[in-house]
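Let me begin by presenting the structure, written as structure tokens, before commenting on it.
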Number of protein chains: 2
Amino acid sequence: MGDLHTPLQCKTKAEMIYSTLREAIVSGDLKPGERIVLRKVASELGVSAIPVREAVKILEAEGLIEVSAHSEVLVSKLSEKDFRQLSDIRVILEGHATFLATKNTNIKFLKDLENQINKMQTSIEKQDFRQYSKLNILFHQTIYENCDNDHLKKMISDLTARTDRARALFAYSPQRNTKSIADHNAIIRAIANGEAETAEKLMCQHQSEGLAIFMENFKFDNQ
Amino acid sequence: MGDLHTPLQCKTKAEMIYSTLREAIVSGDLKPGERIVLRKVASELGVSAIPVREAVKILEAEGLIEVSAHSEVLVSKLSEKDFRQLSDIRVILEGHATFLATKNTNIKFLKDLENQINKMQTSIEKQDFRQYSKLNILFHQTIYENCDNDHLKKMISDLTARTDRARALFAYSPQRNTKSIADHNAIIRAIANGEAETAEKLMCQHQSEGLAIFMENFKFDNQ
DNA sequence: CCTTAATAATATATTATATATTTCGACATT
DNA sequence: AATGTCGAAATATATAATATATTATTAAGG
């Protein structure tokens with residue numbers, strides 16, 4: 001297990017441990033199936049065992065950690081089945097968020113989307129796929145952020161945290177990126193035209209396709 | 001606060017406290033906004049403070065409890081906005097679960113639905129609205145249970161726990177029940193015919209209508 | 001080789017205690 | 001009278017030391 005670095009100060013120690021562990025899990029620093037020994041984490045982060053256990057409880061509720069009573073505490077493995085089920089939900093919710101965002105559109109929102117898609121075009125031309133990937137995530141986030149439903153945002157964010165652990169290191173092909181750009185343009189057009197149902201459908205299709213390509217190319221090794 | 005009764009034995013005390021508190025909150029025994037004093041719960045249930053706090057952390061992650069650091073622990077209030085947002089998501093997910101359940105249909109499933117709708121018809125004729133309400137919940141659960149996505153089931157169940165706190169005591173009108181029966185029949189037909197998109201759409205419409213009627217008649221008193 | 005008993009490791013739980021934060025009331029200031 | 005500050009009380013949060021429960025592992029015995 002790599003070193004855990006304690007981030008910005010939080011309200012309570014339990015929260016600090018929580019975000020530290022969560023970040024480590026989501027980033028892939030703590031690998032699926034890896035064991036978490038509470039007192040080690042405690043001493044490593046300079047706290048007692050209790051706040052660590054509270055943090056673990058939260059992460060368990062979020063599905064990022066699995067605890068069998070009195071036994072091991074493990075970073076959740078993400079089986080292919082889990083990934084498929086979670087991604088399926090995610091696509092639906094992202095589609096709905098796109099629908100709501102379209103209903104909630106405004107000038108600044110559209111401007112932001114245009115800017116981002118231009119940057120993405122540039123990064124493609126520069127063959128900077130890492131940058132493209134970052135911008136892609138940001139593009140989607142920008143859309144979902146514009147939907148007026150805080151709970152939906154949180155759910156998408158939580159689902160993303162769980163599913164992107166598998167996708168983190170997966171690079172799309174250039175062909176995929178070209179198609180992706182075209183999809184994004186179509187989505188923006190639909191949003192700009194206030195065609196909420198269309199935008200939703202396009203987003204679902206776009207994400208489903210990306211998902212299908214990922215699943216064809218990724219090897220799940222557990223369960 | 002009413003007496004908390006400790007339910008079936010659980011693997012850990014934290015889990016016991018968790019399900020005890022959750023049941024009390026969902027059932028309305030612990031009211032929204034009501035304060036939860038940890039050590040009182042601890043002594044009341046005959047445990048120390050730590051497992052109570054762990055339970056509280058889980059409930060906080062689920063949105064049923066709100067904690068401000070070093071300050072009060074409260075049963076979450078459900079503002080009208082929260083209710084609307086959560087219900088909106090719930091409708092989408094229930095629709096999708098109906099879609100998946102239709103894709104996953106089988107003889108027993110259809111038989112179960114038929115049986116339940118017959119019982120509901122009977123309870124309507126007997127004017128037993130309490131029974132009808134129970135059967136209604138069961139009917140919907142039966143559908144969602146038949147979708148092959150465990151995470152989706154859990155999400156719907158969690159959303160239901162949060163939103164039904166407000167709906168618990170709300171009785172539908174007889175007119176609504178008649179319409180409801182008709183809706184259910186249409187949904188079953190679509191499921192039986194394997195028309196997944198239709199079943200999804202009908203379920204969403206059905207739930208949205210019920211939601212709209214509820215919102216027209218219910219007074220939210222907070223926020 | 002399989003089963004069982006002992007052991008180690010660790011999660012879970014308790015108790016007592018200490019610290020931190022918010023809330024609220026008393027008192028003072030303006 | 002309104003406001004603001006201080007202090008006390010209540011309670012959440014955290015620690016430490018310790019005890020118990022459970023699982024996994026090892027060792028012993030059939």
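So that the names make sense, note that chain A is the first sequence line, chain B the second, and so on, each numbered from 1. No hydrogens, no waters, no symmetry mates; every other heavy atom, side chains included, goes into these values.
Each of A:Gly46 and A:Ser71 was matched to the nucleotide of DNA chain D holding its nearest heavy atom; the match closer to the 5' end belongs to A:Gly46. Of the residues near DNA chain D, A:Ala49 and B:Val73, the one whose nearest nucleotide (by heavy atom distance) lies more toward the 5' end is B:Val73.
When the side-chain nitrogen and oxygen atoms of B:Arg39 are compared with OP1 and OP2 of D:dA12, none of them lie within a distance under 4.0 Å. For the pair B:Lys13 and C:dT14, the criterion of a side-chain N or O lying under 4.0 Å from OP1 or OP2 is met. For A:Arg35, no side-chain nitrogen or oxygen approaches OP1 or OP2 of C:dT10 to under 4.0 Å.
Ring orientation note: the planes of A:Phe220 and A:Phe83 are tilted relative to one another, at an angle of 30° to 60°.
Taking only side-chain atoms of A:Val37, from C-beta outward, the nucleotide of C:dT14, D:dT15, C:dA11 with the closest atom is C:dA11. Nearest nucleotide to the side chain of A:His70, out of D:dA12, D:dT15, C:dA11: C:dA11. In this structure, of C:dT21, C:dT14, D:dT15, it is D:dT15 that holds the atom nearest to the side chain of A:Pro51. Taking every side-chain heavy atom of A:Val67 into account, C:dT12 is the closest of D:dT11, C:dT12, D:dA16.
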Task: side-chain contact (heavy atoms from CB on, under 4.5 Å) assessment of B:Leu59 paired with B:Glu62 - done: CA-CA 5 Å; B:Leu59 291 164; B:Glu62 286 183 7; 4.3 Å; yes
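C:dA16 atom P lies 15 Å from atom CD1 of A:Ile50, rounded to whole Å. Atom NZ in A:Lys11 sits roughly 10 Å away from atom P in D:dT13 (whole-Å rounding). The nearest whole Å value for the distance from the CD atom in A:Glu72 to the C1' atom in C:dT12 is 15 Å.
Side-chain rings of B:His96 and A:His96 stay apart, their centers remaining 6.0 Å or farther from each other.
Using a cutoff of 4.0 Å between basic side-chain nitrogens and carboxylate oxygens, A:Glu44 and A:Lys40 are not scored as salt-bridged.
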